[in-house]
Amino acid sequence: MQAGTAQPAQRIGVPREVFPGEKRVATVPEVVEKLIKLGFKVSVESGAGDAANFSDDTYRAAGAEIVNGAAALWAGSDIVFKVRAPMSDEVALMREGGSLVSFIWPAQNPELMQQLAAKKATVLAIDALPRTLSRAQKMDALTSMAGVSGYRAVVEAANAFGRFFNGQITAAGKVPPAKVFIAGAGVAGLAAIGTAASLGAIVRANDTRAEVADQVVSLGGEFVKVDYEEEGSGGGGYAKVMSEGFQQAQREMYAKQAKEVDIIITTALIPGKPAPKLISAEMVRSMKPGSVIVDMAGEQGGNCELTEPGQAVVKHGVTIIGYTDLASRLSRQSSTLYATNLFRLAEELCKAKDGHAIVNMEDDAIRGLTVVKDGSITWPAPALKPAAAPAPKPAAAPVAEKKGGHGHGSSAPVPAKTLAIIFAVGALAFWFIGAYAPAAFLGHLTVFVLACFIGYMVVWNVTPALHTPLMSVTNAISSIIAIGALVQILPPEAGTGGRPDALIRWLAFAGIILTAVNMFGGFSVTRRMLAMFRK
């Protein structure tokens, strides 16, 4: 993928996937338009998008060229976008010195790596992306596909389960909610938790990484902790292999959950290693008849001892689903997400937007993706350099002190002598008011002081998010002054004196109008603000 100053724009080819049962396609019409804006030419093999409901005509309308036959497409493409790793027959069709972007799984496919190197190819394995780089998230196809698979796993479980997910009370009787246990709270597990909870099920989940507990709860699930202290975070955003002591405690917890729940969804998988066996045959026998297990690790052997990869079987009255194509079963959605991930990668490779992709081996994300460069195997990539530690914050300047040795600031304690003087002046003021003011005034003052204190304590405990609505309602309540204006307008009672003069009555009338606007406006604004906090 090297640029040439006078060379024509490179052509991206998208072949039809030949892996049995694969329905996804590596790009979609809306992404074709974006690739063309980057300067690339795009060719799509005829029928490549049919299984994902993208016809040849939609690709043509987006600006792609439709090519008949895989041989013509591979031979005429500078860069090939694929979903599944290429088969041997496809590698043979590849142009020598060409480029490939696809899932490769280099650790599991050493022979494929050698075949690609023999073609002097440059290969970017989308599964080798360093997932710990925050700026690489837009290219993370593993996360995109895992999210789709987690959603689809719940759909498959609901299809095989013989009851509602949500609890219902009907004229025919009460239906209890389904209980779902999800083993593993990675991307796929979290997607499954959110989907099952949204369907009304009681969801429980477990993961070796304690830090995901809050995420489980936020999605509506309950985190079930293993009674064994060990941290399970591994490198690259994956869990690590746990000790035998932890695994024994985990098996005991799984055995208890198997007896209680209706559906188990397992997602435990560590790249490059066989899937750990979490659900034993004995646990399956202990489950209620009609229960369902969806084993998302079926392609690597499965998390359940009785899983048959690619099949849905019934054993001991339990349906065990081991489909290996969950993302492909939502082909249109997963194709769109995957195509977007590859487009984001193309943006990184073609920053000049001139239709020429350049593999920058100094870029950590691109270096991690590149498993073969011009025929040389470059996998595995070197470990990422640790992020530089943040610079220490400068020490705070010492607070200047006033005379008398007390700090300059609102948090400085008040001197005892000053406090005594304040209280003495306050007591003297109250004595003066009590001695010379009318009795009615003293009563009103007492109510006023107590109201200020109670109002302050009430407002102090209000959630900060409600401060703005509170301001409008207190503004409305403060319009109690309308009562004073009414007193001035209404005729006096017998023996209380004459009527106020006309000026006072007109001022009181104007005060009533203004405070009425204040009152109704304040409550109206409060109602509209509080509506924003309701779902």
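Computed from a predicted structure; not experimentally measured.
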**OP:** Walk me through it: do Arg251 and Ser280 pass the test side-chain contact (heavy atoms from CB on, under 4.5 Å)?
**Re:** CA-CA 9 Å; Arg251 283 191 290 269; Ser280 65; over 6 Å; no
Subject >> Considering all heavy atoms, the nearest Ala365-Pro130 contact >> reply: O-CD, 3.8 Å
Original post:
Would Trp379 and Val372 satisfy side-chain contact (heavy atoms from CB on, under 4.5 Å), going step by step from the backbone distance to the final call?
Top reply: CA-CA 7 Å; Trp379 183 86; Val372 181; over 6 Å; no
Original post:
Would a distance-only check, ignoring hydrogens and angles, find a side-chain to backbone donor-acceptor pair under 3.5 Å from Lys119 to Ala92?
Top reply: yes
Original post:
So which pairs with a foot in residues 42-52 pass side chain to side chain donor-acceptor pair (under 3.5 Å), sequence neighbours left out?
Top reply: Arg11-Ser43, Ser46-Asp56
**OP:** Return yes if a side-chain donor-acceptor contact under 3.5 Å exists between Asp262 and Ser291, otherwise no.
**Re:** no
Original post:
How about Lys225: does its NZ atom have over 12 heavy atoms from other parts shown lying under 6.0 Å from it?
Top reply: yes
Subject >> Non-hydrogen atoms of Phe81 and Ile79 that approach each other most closely >> reply: CE1-CG2, 3.8 Å
**OP:** Tell me, please, which residues at least two apart from Tyr338 pass ring pair (Phe, Tyr, Trp, His ring centres under 6.0 Å).
**Re:** Phe103
Original post:
Does the salt bridge (charged side-chain N to carboxylate O under 4.0 Å, His left out) test come out yes or no for Arg60 and Glu65, once each step is laid out?
Top reply: CA-CA 6 Å; Arg60 284 194 188 94; Glu65 178 187 349; over 6 Å; no
Distance-only donor-acceptor hits, side chain of residues 181-202, under 3.5 Å, sequence neighbours excluded:
unit_1: Thr195; atom_1: OG1; unit_2: Ala191; atom_2: O; d: 2.8
unit_1: Ser198; atom_1: OG; unit_2: Gly194; atom_2: O; d: 3.3
unit_1: Ser198; atom_1: OG; unit_2: Thr195; atom_2: O; d: 2.7

Subject >> Any residue meeting salt bridge (Lys or Arg N to Asp or Glu O under 4.0 Å) with Glu22, in chain and number order, not counting sequence neighbours >> reply: Arg24, Arg84
Original post:
Tell me, do Leu337 and Gln333 make a side-chain contact under 4.5 Å, heavy atoms counted?
Top reply: yes
Original post:
Is it true that a side-chain atom of Asn109 and a backbone atom of Trp105 form a donor plus acceptor pair closer than 3.5 Å?
Top reply: yes
Subject >> Side-chain touch Ile320/Glu308, heavy atoms, less than 4.5 angstrom >> reply: no
**OP:** Side-chain contact test, heavy atoms from C-beta onward, threshold under 4.5 Å: evaluate it for Tyr323 versus Pro309 and give yes or no.
**Re:** no
Original post:
If every non-hydrogen atom of Asn303 is compared with every non-hydrogen atom of Thr267, which pair is closest and at what distance?
Top reply: OD1-N, 3.7 Å
**OP:** Sequence neighbours left out, what passes salt bridge (Lys or Arg N to Asp or Glu O under 4.0 Å) with Arg329? Give chain and number order.
**Re:** Glu156, Asp325
Original post:
Side-chain contact, heavy-atom cut-off 4.5 Å: Leu124 with Leu345?
Top reply: yes
**OP:** Test Thr143 against Arg131 for side-chain hydrogen bond (donor to acceptor under 3.5 Å, both in side chains), laying out the working first.
**Re:** CA-CA 9 Å; Thr143 295; Arg131 303 176 78 185; 2.8 Å; yes
Original post:
Considering residues, nucleotides and ligands other than Lys34, do more than 12 of their heavy atoms fall under 6.0 Å from its NZ?
Top reply: yes
Original post:
Is it true that a side-chain atom of Glu305 and a backbone atom of Ala281 form a donor plus acceptor pair closer than 3.5 Å?
Top reply: yes
Original post:
Donor-acceptor pair, Gln10 side chain versus Ala357 backbone, under 3.5 Å?
Top reply: yes
Original post:
Under a 4.5 Å cut-off applied to non-hydrogen side-chain atoms, are Leu100 and Ile104 in contact?
Top reply: yes
Subject >> Arg332 side-chain N/O to Asn53 backbone N/O, donor-acceptor pair under 3.5 Å >> reply: yes
Original post:
Can Glu17 and Lys82 be said to form a salt bridge (charged side-chain N to carboxylate O under 4.0 Å, His left out), step by step?
Top reply: CA-CA 7 Å; Glu17 298 295 324; Lys82 270 186 58 57; 2.8 Å; yes
Subject >> Over 12 foreign heavy atoms within 6.0 Å of CD, Glu111 >> reply: no
Subject >> Close side-chain approach of Val42 to Val44, heavy-atom, < 4.5 Å >> reply: yes
**OP:** Would you confirm whether Lys277, through its side chain, and Gly301, through its main-chain N or O, come within 3.5 Å as a donor-acceptor pair?
**Re:** yes
Original post:
Is there a donor-acceptor pair under 3.5 Å between the side chain of His356 and the backbone N or O of Phe40?
Top reply: no
Original post:
Has Phe161 got more than 12 heavy atoms of other residues, nucleotides or ligands less than 6.0 Å from its CZ?
Top reply: yes
Original post:
Can you list the residues that meet the salt bridge (Lys or Arg N to Asp or Glu O under 4.0 Å) rule with Arg95, with sequence neighbours excluded?
Top reply: Asp78
Original post:
More than 12 foreign heavy atoms under 6.0 Å from NZ of Lys138: is that the case here?
Top reply: yes
